[in-house]
Amino acid sequence: MTATAPVTPDMLTIPRKDTGGGLPNLVGMTRDAMRDALIAAGTPEKQAKMRVGQIWQWIYHWGVRDFEQMTNLAKDYRAMLAETFVVAVPEVVTRQVSEDGTRKYLVRIAGGHEVEIVYIPETDRGTLCVSSQVGCTLTCSFCHTGTQKLVRNLTAAEIIGQVMVARDDLGEWPEPGTRTEADRTRLLSNIVLMGMGEPLYNFESVRDAMKIAMDPHGIQLSRRRITLSTSGVVPEIARTAEEIGCQLAISFHATTDEVRDKLVPINKRWPLADLLDALRSYPKVSNSERITFEYVMLDGVNDSDEDAHRLVKLIDGIPAKINLIPFNEWPGAPYKRSSNNRIRKFADIVHNAGYSSPVRRPRGEDIMAACGQLKSETERGRKSKAQIAAETGT
Ligand code: SAH
Ligand code: SF4
């Protein structure tokens, strides 16, 4: 558990299998943290770096969770590790497979909380949509997760653990004696931080987990294949470039402050002008190719020709692609999806201005796995009107 995860009373009854009876979890530790932990457990300082390298490779390259199988470590050392640490990932509670092949996993984490992970297979890639928080403190009015209270931040272990359980299910740990496949031939080749939660409100854990995903001696995903999506936490954007260096997606969704204030209330704190300023320097600092502007198509709200023209003007000069997302409905949602004709016209305007403007095909709708539909059934607490007002300053 990290400092960002406050201990709540229900965490005191964590079942043993989730936590290894309270032993520290090696999963989610940075290399430095693992080294310190091994030294504290009696590993001679001179050997610690090498031991980290060996254990790291077992956990993140081979997918091994049982210390007994770490056969290049001495028997006594394996026994010491087993008494002192665990290698634990979230527990898969349910697994659903959509007609289109999309997989949705509901996993349980410490405290009995649940989060969802979505795997989206495509012809040239397989993308895992990872959650960063249980619920979300923000209240974007079109987002199902936004109606759910924030329960807590996920730890780095719980974030990288989502990647590990998906690799388990896809059978994608390499066979002994083989090498890790090149990114493009992998089933899980891309990660998007677009599940539940605002990743930049859980910066350190997200950063540590993504560093593990990119580490060349483990899961080995290129930083170009990892995309972090934010609703616009402006002060953390430069840090994302400097400390993670992954690709960036912005939940843009509107072209005036008036409309964006309603759709993405964090806009009241950091309005469009501030957000665009922060974005202008991102690609230079992170070497990222282009910023993805996500734009949800809401009937009669943000989908006019004027909006499309304003959008291309606003982002002028930023290397960008615009991802149009047909609104995914959820029970009680206050919006409707724009018609296909409207979306096509909007896309044409953006395209004619020189931007790539793919329309995202909704995936996994039959299992409520599409963007913005995630919400854990166990977290029934809904935000009260007063709470929403307090958070959004309305
Ligand atoms: N909190 C982060 C990441 C999670 S949301 C963020 O807001 O960027 C992932 C994407 O799905 C965001 O672009 C979000 O705006 C979009 N989204 C949320 N609800 C949606 C819905 N009902 N239909 C379509 N897209 C939605
Ligand atoms: Fe939170 Fe993102 Fe949903 Fe907004 S769109 S409520 S930031 S998860």
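Atoms within a ligand are numbered from 1 in the order they appear, just like the ligands themselves.
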Report yes or no: does a heavy atom of His253 sit under 4.0 Å from some atom of ligand 1?
-> yes
Consider ligand 1: state whether an atom of it lies below 4.0 angstrom from any non-hydrogen atom of Gly197.
-> yes
If you measure from each non-hydrogen atom of Glu198 to ligand 1, which part falls under 4.0 Å: side chain, backbone, both or neither?
-> both
Where ligand 1 meets [X] - atom numbers and elements under 4.0 angstrom, heavy-atom basis:
X      : value
Gly195 : 4 (C)
Ile325 : 24 (C), 25 (N)
Phe327 : 21 (C), 22 (N), 23 (N)

Below 2.8 Å, any N, O or S contact between Cys143 and atom 1 (Fe) of ligand 2?
-> no
Kindly confirm whether atom 3 (Fe) of ligand 2 is within less than 2.8 Å of some N/O/S atom in His144?
-> no
Could you check if a side-chain atom of Asn190 sits within less than 4.5 angstrom of a side-chain atom of Thr227, using non-hydrogen atoms only?
-> no
Just wondering, do Arg95 and Val97 contact through their side chains at under 4.5 Å, heavy atoms?
-> yes
Based purely on interatomic distance, does [X] place a nitrogen or oxygen under 3.5 Å from a nitrogen or oxygen of ligand 1?
X      : value
Leu193 : no
Val296 : no
His144 : no

Where do Lys321 and Glu289 land on the salt bridge (charged side-chain N to carboxylate O under 4.0 Å, His left out) test, with the steps shown first?
-> CA-CA 10 Å; Lys321 60 182 164 204; Glu289 290 134 346; over 6 Å; no
With respect to Leu128, which candidate in Val163, Leu187, Leu193, Val192 satisfies the side-chain contact (heavy atoms from CB on, under 4.5 Å) definition?
-> Val163
Would you mind finding which of Ser251, Cys143, Ser231, Cys136 brings a heavy atom closest to atom 12 (C) of ligand 1?
-> Ser251
For the pair Arg207 and Glu204, evaluate salt bridge (charged side-chain N to carboxylate O under 4.0 Å, His left out) and give the outcome as yes or no after the intermediate values.
-> CA-CA 5 Å; Arg207 176 198 58 204; Glu204 283 80 11; 5.0 Å; no
Taking it one step at a time, do Tyr355 and Phe293 satisfy ring pair (Phe, Tyr, Trp, His ring centres under 6.0 Å)?
-> CA-CA 11 Å; Tyr355 293 97; Phe293 286 77; 8.2 Å; no
Applying salt bridge (charged side-chain N to carboxylate O under 4.0 Å, His left out), run through Asp36 and Arg31 and close with a yes or a no.
-> CA-CA 9 Å; Asp36 293 347; Arg31 280 175 178 271; over 6 Å; no
